[in-house]
Amino acid sequence: MALQTFAAVMPRAFARPRPLTFADAVREHQDELFGVALRILGDRDAAQDATSRALLKAFRAWDRYDQSRPVRHWLLRIVANEAISLGRERTRDRQRSAPADDAVDTADRAPLPDESAVAREERERVRLAVAGLPELYRVPVVLRYFSELSVEEIASLTGRPSSTVGVQLLRGRALLRAALEAPR
Amino acid sequence: MTERHDDLIDEGVLRRALRLEQHERAPHFDAQAIAALAARTRTAPPVLVVALFASTLTGAVAIAVWSALLGAAPSFLDGVVAAALDGVVVLATLLISVAEIASQPAVPLSLIAALGVAILYELRERRERAHAHAS
């Protein structure tokens with residue numbers, strides 16, 4: 001009996017782990033990827049667009065992806081870059097067409113009946129302030145306080161020195177504080 | 001880093017605000033649909049072959065046209081230069097005959113000049129005589 005159990009367990013113990021598939025990665029990380037895009041762009045449709053584009057790029061580059069490195073960071077880098085470029089495209093389009101169509105109008109405002117209206121409004125204000133931050137500060141702020149990446153991880157993901165990321169986080173928080181204290 | 005700590009937004013506030021709300025949950029991203037889209041939007045090998053063939057053909061046509069132009073250019077230019085030279089020769093012949101007449105006239109120019117001076121002198125004399133007769 002023991003021998004049979006041993007024989008049944010051993011092949012599994014020494015078997016090579018199944019390589020991560022693209023479908024696994026999408027299933028596991030899609031919420032976070034969408035969240036990062038949403039917090040960078042401040043708009044649900046744009047975030048969905050950025051996430052789709054990022055996943056398409058990831059799929060095409062999947063063969064070249066080094067599986068020994070964390071897929072989460074790789075995907076986060078792609079989605080952050082896609083969100084940044086989509087945000088720039090939208091800014092250009094907005095400048096060309098309508099004058100006043102900022103994040104305040106585009107952010108989601110679905111009601112949440114089971115929550116305190118004050119707290120909800122406060123969170124909404126913070127989110128809008130984040131969406132209004134310059135891109136230079138917005139991306140590290142989102143990666144730090146939404147994705148909970150460390151300063152070093154953000155540095156490796158964005159290609160900036162850790163000290164720069166640290167300063168950008170502080171500056172971003174200061175700008176947020178100033179934006180929230182400014183009269184509405 | 002010049003920011004004082006009380007000038008910064010609280011990290012907890014920031015985390016809570018950035019967290020996804022229930023109504024913000026991600027839509028479902030279907031890996032198979034993404035794969036299908038990637039396959040659909042990928043440039044197909046036949047398209048690449050056609051593009052390669054078209055660019056090669058265009059290049060060949062351009063080379064042929066250019067070579068033909070270069071081949072035809074000498075004979076065409078020969079004709080143009082010959083016509084221009086003929087014109088120059090005709091013009092030069094005319095100019096030379098005019099210049100010859102001017103340099104070697106049949107009646108000496110000095111004689112014509114002397115005749116002119118004599119005519120002018122005679123006219124002046126007659127005018128003076130007429131004035132004298134009238135007064």
Side-chain angles (χ1 to χ4, degrees), chain A residues 21-27 29-35 37-39 44 47-48 51-52 55-60 62 108-112 114-115 119-120 122-130 141-142 144-148 163 166-167 169-181, chain B residues 1-70:
Chain A
T21 64
F22 177 72
D24 295 337
V26 171
R27 202 176 311 114
H29 299 290
Q30 61 175 319
D31 285 343
E32 185 179 13
L33 298 177
F34 174 77
L38 180 62
R39 292 297 177 242
R44 192 175 171 82
Q48 193 169 344
T51 313
S52 299
L55 288 175
L56 191 62
K57 273 195 177 169
F59 178 79
R60 285 183 174 146
W62 189 255
D108 299 309
R109 285 172 176 277
L112 297 174
D114 58 336
E115 285 188 309
R120 193 177 65 223
E122 188 56 33
R123 285 201 300 276
E124 185 67 20
R125 282 189 65 219
V126 175
R127 282 200 287 268
L128 291 178
V130 170
V141 162
V142 170
R144 178 82 189 96
Y145 298 108
F146 175 75
S147 284
E148 298 290 349
S163 54
V167 172
L169 284 171
L170 285 177
R171 185 85 188 113
R173 284 172 62 199
L175 287 173
L176 286 173
R177 176 74 181 258
L180 292 168
E181 283 178 355
Chain B
M1 299 184 196
T2 53
E3 277 76 24
R4 288 183 300 130
H5 200 71
D6 48 346
D7 286 339
L8 306 175
I9 189 172
D10 180 67
E11 291 183 303
V13 170
L14 200 46
R15 280 196 176 90
R16 276 193 297 279
L18 290 182
R19 209 171 288 151
L20 284 185
E21 308 276 1
Q22 197 58 45
H23 68 285
E24 291 181 315
R25 291 290 167 206
H28 177 65
F29 292 98
D30 184 3
Q32 288 193 339
I34 291 166
L37 181 66
R40 216 171 35 242
T41 53
R42 187 173 44 210
T43 314
V47 175
L48 286 177
V49 169
V50 168
L52 189 66
F53 176 73
S55 51
T56 309
L57 188 69
T58 310
V61 167
I63 289 169
V65 168
W66 186 244
S67 306
L69 277 177
L70 284 182

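Order of the sequence lines sets the chain letters (A, B, ...), proteins ahead of strands, with each chain counted from 1.
- The closest donor-acceptor contact from the side chain of Arg39(A) to the backbone of Arg19(B) lies under 3.5 Å.
- Taking a cutoff of 4.0 Å between a charged side-chain nitrogen and a carboxylate oxygen, Arg120(A) and Glu21(B) do not qualify as a salt bridge.
- Atom CG in Asp7(B) sits 13.0 Å away from atom CG in Leu176(A) (nearest 0.5 Å).
- In this structure, the separation between OH on Tyr145(A) and CG on Leu18(B) is 10.0 Å, given to the nearest 0.5 Å.
- Under the 3.5 Å distance criterion, the side-chain polar atoms of Arg44(A) are matched with a main-chain donor or acceptor of Glu24(B).
- In terms of modelled atom types and a separation under 3.5 Å, the side chain of Arg177(A) and the main chain of Ile9(B) share no donor-acceptor contact.
- The minimum heavy-atom distance between Ala23(A) and Ala31(B), with the atom names listed, is CA-CB, 3.6 Å.
- Between atom CH2 of residue Trp62(A) and atom CD1 of residue Ile34(B) there is a gap of 11.5 Å, rounded to the nearest 0.5 Å.
- By the side chain to side chain contact (heavy atoms under 4.5 Å, CB included) test, Ala47(A) is found to be paired with Phe34(A), Ala37(A), Leu38(A), residues two or more places apart in sequence or in another chain being considered.
- Side-chain contact between Leu20(B) and Glu32(A): absent, with no pair of heavy atoms (C-beta onward) separated by less than 4.5 Å.
- Dense packing is recorded around CD of Glu181(A), with more than 12 heavy atoms of other residues, nucleotides or ligands lying under 6.0 Å away.
- Taking CZ of Arg171(A) as the start and CG of Leu8(B) as the end, the distance is 10.5 Å to the nearest 0.5 Å.
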Just distance, no hydrogens or angles: give the donor-acceptor pairs under 3.5 Å from side chains in residues 61-69 of chain B, sequence neighbours left out.
unit_1	atom_1	unit_2	atom_2	d
Ser67(B)	OG	Ile63(B)	O	2.7

